[in-house]
Amino acid sequence: PGSTSKCSWAYGASNTTCATAAKSTTSGNTLLVGFLSQEGVGTANISSCADTAGNTFTALTEIGAGGGGALARWFYCHNITGNASNVCTGTWSAATRYKHAIQIEISGLANQTPLDQQGAVPFSATVASVSIAMGSAVGPIFAIATSTNDRTCTPGASFTEIADWGTSAAAEYYTGLNATGTVTTDITASGASNLTFSAVGFEEAPVNPVITAQPADQNVNAGATANFSVTATNATSYQWKKNGSNVGTNSSSYSLTAAYADQGAQITVDCINGTGTTTSSAATLRVAFNLTGTGPRAFTNLGAPFASGP
């Protein structure tokens, strides 16, 4: 899911901002920005996000432990304006220490609000866990975590760490843009602490079927079976056509008993899903007379002396 940039972070500085490292971003993609601070709840909030390109960010729910504990908050912007050296800066409502920031550029997301966001704030714990409801959609899940004490964080199964601020915070994302259903993600700290964990799931933008193996030409004798097949990703149904007319069944394969009248027939297939249709290239059916076997051949339509064999 796109490219990422590890943050530049201000560990121990008591101020109201924290900025990521600069990275090149591409127009049209999605930018997801995460901010963390190991203290601040009750005294400060992560209030806003701005970047060099001037994109407008939507803030997700701030996750915090309460009573002066750690904070985590995501911001996102779809269809961004790209920048050759983009920096994202978070602003806190009051000065606080131990802040962290990361910007994650993602391609191929649906231009909509996240499918789900959940947070966990366990006290004196080594594990923080949330479940993200993706429903029937498919897409990536991203998560960030920190603690009120310096701890090393390890991401849960099926997740890959994309940033690590040493013993203070971590970020992880679900690999492969293929999360679906209800997905549980967790973070494990190296020792008990007051943990703050925030995860968010996005939907991958629907795409037309993609044909990875086209139907192939077939050479068969008259009366033999010609078999055609297609391989396509994201296809939910199929419509085969012979010379432009619908044939066959809703299947990735199509078979017919070849007649000589089918000589040169053009076979195509429409691969279909809820987004659109992708049509295959045409496969040619070549049909030969079946000259197998022994004995005389009768060509009664030609008349004598070809009406019968000797």
Side-chain angles (χ1 to χ4, degrees), residues 1-9 16-37 40-41 44-64 70-83 85-94 96 99-121 130-135 137-146 162-163 169 171-174 177 179 183 185 196-206:
S3 58
T4 64
S5 175
K6 186 174 179 179
C7 74
S8 59
W9 50 281
T16 59
T17 62
C18 183
T20 69
K23 76 179 298 295
S24 176
T25 56
T26 301
S27 294
N29 286 341
T30 295
L31 202 56
L32 178 64
V33 186
F35 296 107
L36 298 160
S37 59
V41 172
N45 297 101
I46 307 170
S47 55
S48 65
C49 173
D51 72 348
T52 308
N55 291 299
T56 300
F57 289 87
T58 299
L60 298 181
T61 301
E62 183 175 80
I63 306 299
L71 291 172
R73 194 169 200 176
W74 288 111
F75 296 79
Y76 74 93
C77 179
H78 292 306
N79 194 26
I80 63 170
T81 297
N83 187 273
S85 185
N86 197 61
V87 174
C88 298
T89 302
T91 299
W92 277 248
S93 61
T96 184
K99 299 182 295 296
H100 315 269
I102 184 172
Q103 61 173 321
I104 306 169
E105 184 181 7
I106 317 155
S107 60
L109 294 186
N111 188 7
Q112 61 188 36
T113 59
L115 293 170
D116 193 18
Q117 182 204 2
Q118 299 292 331
V121 287
V130 298
S131 293
I132 298 297
M134 300 293 288
V138 176
I141 295 174
F142 298 86
I144 48 177
T146 190
I162 55 174
E172 55 174 296
Y173 73 87
Y174 195 77
L177 282 174
V183 179
T185 176
T196 297
F197 186 50
S198 180
V200 59
F202 288 91
E203 182 175 1
E204 182 180 1

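Numbers here simply count residues along the sequence, with the first being 1.
You'll find the side chain of S198 stays beyond 4.5 Å of the side chain of R73, heavy atoms only.
Of the possible polar contacts, none joining the E62 side chain to the L71 backbone as a donor-acceptor pair under 3.5 Å is found. Using a distance-only test at 3.5 Å, with no hydrogens or angles considered, a donor-acceptor pair links the side chain of Q103 to the main chain of A21. For T196 (side chain) and A72 (main-chain N/O), no donor-acceptor pair under 3.5 Å exists by modelled atom type. For the pair T146 (side chain) and S37 (backbone), a donor-acceptor distance under 3.5 Å is absent. No donor-acceptor pair closer than 3.5 Å links the side chain of N79 to the backbone N or O of N111. Under a 3.5 Å cut-off, the side chain of D116 and the backbone N or O of I132 do not form any donor-acceptor pair.
Checked against side chain to side chain donor-acceptor pair (under 3.5 Å), N83 has no partners two or more places apart in sequence or in another chain. Listed by chain and residue number, A110, Q112, L115, A137 satisfy the side-chain contact (heavy atoms from CB on, under 4.5 Å) test with E203 (two or more places apart in sequence, or in another chain). Listed by chain and residue number, F35 satisfy the ring-ring contact (aromatic ring centres under 6.0 Å, His included) test with F75 (two or more places apart in sequence, or in another chain). When the side-chain contact (heavy atoms from CB on, under 4.5 Å) test is applied to T56, no partner is found at least two apart in sequence or on another chain. Every residue meeting the side-chain contact (heavy atoms from CB on, under 4.5 Å) condition with T58, not counting sequence neighbours, appears here in chain and number order: Y76. For T91, there are no side chain to side chain donor-acceptor pair (under 3.5 Å) partners at least two apart in sequence or on another chain. Residues forming a side-chain contact (heavy atoms from CB on, under 4.5 Å) with T16 (at least two apart in sequence, or on another chain): A95. Residues that satisfy the side chain to side chain donor-acceptor pair (under 3.5 Å) test with T30, not counting sequence neighbours, are H78.
Atom CD1 of I144 and atom CD1 of I102 lie 8.5 Å apart (nearest 0.5 Å). Between the CD1 atom in I104 and the CG atom in N29 there is a gap of 13.0 Å [rounded to 0.5 Å]. Once rounded to the nearest 0.5 Å, the distance linking CD1 of I106 with CD1 of I80 reads 9.5 Å. Rounding to the nearest 0.5 angstrom, the gap separating the CH2 atom in W74 from the OG1 atom in T61 is 13.5 Å.
Contact record, G201 with I141: CA-CG1, 4.0 Å, taken as the closest heavy-atom pair. The shortest heavy-atom contact between A53 and T81 is CB-O, 3.3 Å. Shortest non-hydrogen contact noted between Q118 and V130 is CB-CB, 3.9 Å. The nearest pair of heavy atoms linking G119 to I63 is CA-CD1, 3.8 Å.
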Take C88 and N86 through the side chain to side chain contact (heavy atoms under 4.5 Å, CB included) test and state the conclusion after the steps.
CA-CA 7 Å; C88 298; N86 197 61; 3.7 Å; yes

Please walk me through it: do I46 and K99 pass side chain to side chain contact (heavy atoms under 4.5 Å, CB included)?
CA-CA 10 Å; I46 307 170; K99 299 182 295 296; over 6 Å; no

Give the intermediate values and the outcome of side chain to side chain contact (heavy atoms under 4.5 Å, CB included) for residues F57 and S48.
CA-CA 8 Å; F57 289 87; S48 65; over 6 Å; no

